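One structure is given here, and the rest of the page talks about it.
Every number for a ligand or one of its atoms is a count from 1 in the order of the listing. What you see is a predicted model, and the numbers here were worked out from it, not measured in a lab.
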Amino acid sequence: MTDILDTEAIRGFRRMCEDGWLEGWHERNGGNLTYRMSDADVAAARPGFSAAPREWVEMGITAENLAGEFFVTTGSGKFLRNVALDAAANVGIVELNGTGSAYRVVWGLEGGAVPTSELPTHLMNHSIRKQVTDGANRVIYHCHATNVIALTYVLPLTARDFTRALWQSATECPVVFPEGVGVCPWMVPGGADIAMATSELMRTYQAVVWAQHGLFASGPDFDVTFGLAHTIEKSAEIYWKVLATGRPIAQTITDDALRAIARDFGVQLNEDFLD
Ligand code: 2HA
Ligand code: ZN
């Protein structure tokens with residue numbers, strides 16, 4: 001029997017938590033990660049599921065298109081820093097019920113731990129991303145990306161302002177997120193309002209900035225999702241380095257240049273954000 005810790009899903013999940021920690025995006029219990037398992041992932045993990053799953057917990061939301069699916073999730077109050085040391089204590093696998101309104105823990109979260117307080121937010125985002133990507137997206141990642149957060153103190157909180165600043169600060173950005181990034185105003189985390197607001201933006205955007213808080217990113221797998229967050233954060237860091245010189249910006253990537261990148265790389269840029 002394969003140890004559940006050696007399955008591809010859990011190994012990839014652990015690595016992403018560790019990578020985010022090493023980037024400095026997960027102070028204390030900051031940030032959270034969920035992964036919608038494929039049928040093959042579930043088949044590989046099932047032999048390690050608890051003989052007696054825990055009781056069903058109503059979530060206060062219903063994600064119909066996720067009914068019966070399994071998710072790997074970080075634990076509430078857990079430190080992502082510790083996931084690599086002891087995954088079974090810090091993350092778990094939850095199963096959704098037949099209507100998508102409740103979950104139960106089938107593996108991990110040992111010692112009575114529970115899934116991240118952002119689970120309803122993650123599941124609403126999974127629901128939207130599954131729908132708009134025809135099932136391709138499987139990962140939702142929330143991190144406290146330092147330079148992105150700092151930008152939310154100086155830029156107007158609009159998708160246009162953030163997208164343009166990021167597209168202009170690193171040539172790969174328009175290729176990686178041609179639709180731009182969404183921006184959510186400051187809201188209390190963990191609640192229904194921020195979940196609704198974020199998931200509405202996720203219809204359009206792969207990533208959403210949370211003002212004075214962090215970043216929400218989605219993607220088909222761990223590499224692409226982490227890469228998206230990393231690209232956005234790196235671009236924000238470059239933007240800060242430029243601002244920090246105090247010198248006027250002598251040149252940037254022009255809108256014509258952005259269009260040229262899009263043409264050669266075969267992506268459709270969001271025209272709302274071009275002049
Ligand atoms: O999990 O980052 O937004 C802790 C948080 C909540
Ligand atoms: Zn957070």
among protein heavy atoms, the one nearest atom 1 (O) of ligand 1 is Asn32 ND2, 2.8 Å
Sorted by chain and number, sequence neighbours left out, ring pair (Phe, Tyr, Trp, His ring centres under 6.0 Å) with Phe71 holds for His126
Using a strict cut-off of 4.0 Å, indicate which atoms of ligand 1 neighbour a heavy atom of [X].
{"X": "His144", "result": "2 (O)"}
{"X": "Asn29", "result": "1 (O), 4 (C)"}
{"X": "His142", "result": "2 (O), 3 (O)"}

For the residue pair Thr121 / Asn125, report whether a side-chain donor-acceptor contact shorter than 3.5 Å exists. no
Total protein N/O/S atoms sitting under 2.8 Å from the Zn ion (ligand 2), waters ignored, is 3
Under 3.5 Å: N/O of [X] near N/O of ligand 1:
{"X": "His213", "answer": "yes"}
{"X": "Gly31", "answer": "yes"}
{"X": "Ser117", "answer": "no"}
{"X": "Glu118", "answer": "yes"}

Looking at the rings of [X] and [Y], which for Trp means the six-membered one, are their centres under 6.0 Å apart?
{"X": "Trp25", "Y": "Phe226", "result": "yes"}
{"X": "Phe216", "Y": "Tyr141", "result": "no"}
{"X": "His144", "Y": "His26", "result": "no"}

Any side-chain heavy-atom pair from Thr74 and Asn90 closer than 4.5 angstrom?
-> no
Exercise. Taking 4.0 angstrom as the limit, do Lys234 and Glu172 come out as a salt bridge?
Worked result: no
- Answer yes or no: is there an ion pair linking Glu18 with Arg14, defined by an N-O contact shorter than 4.0 Å? no
| task | Classify the angle between the aromatic ring planes of Trp210 and His142 as parallel (below 30°), tilted (30 to 60°) or perpendicular (above 60°). | result | tilted
Exactly one of Thr171, Leu269, Asp275 clears side chain to side chain contact (heavy atoms under 4.5 Å, CB included) with Leu258, and that residue is Leu269
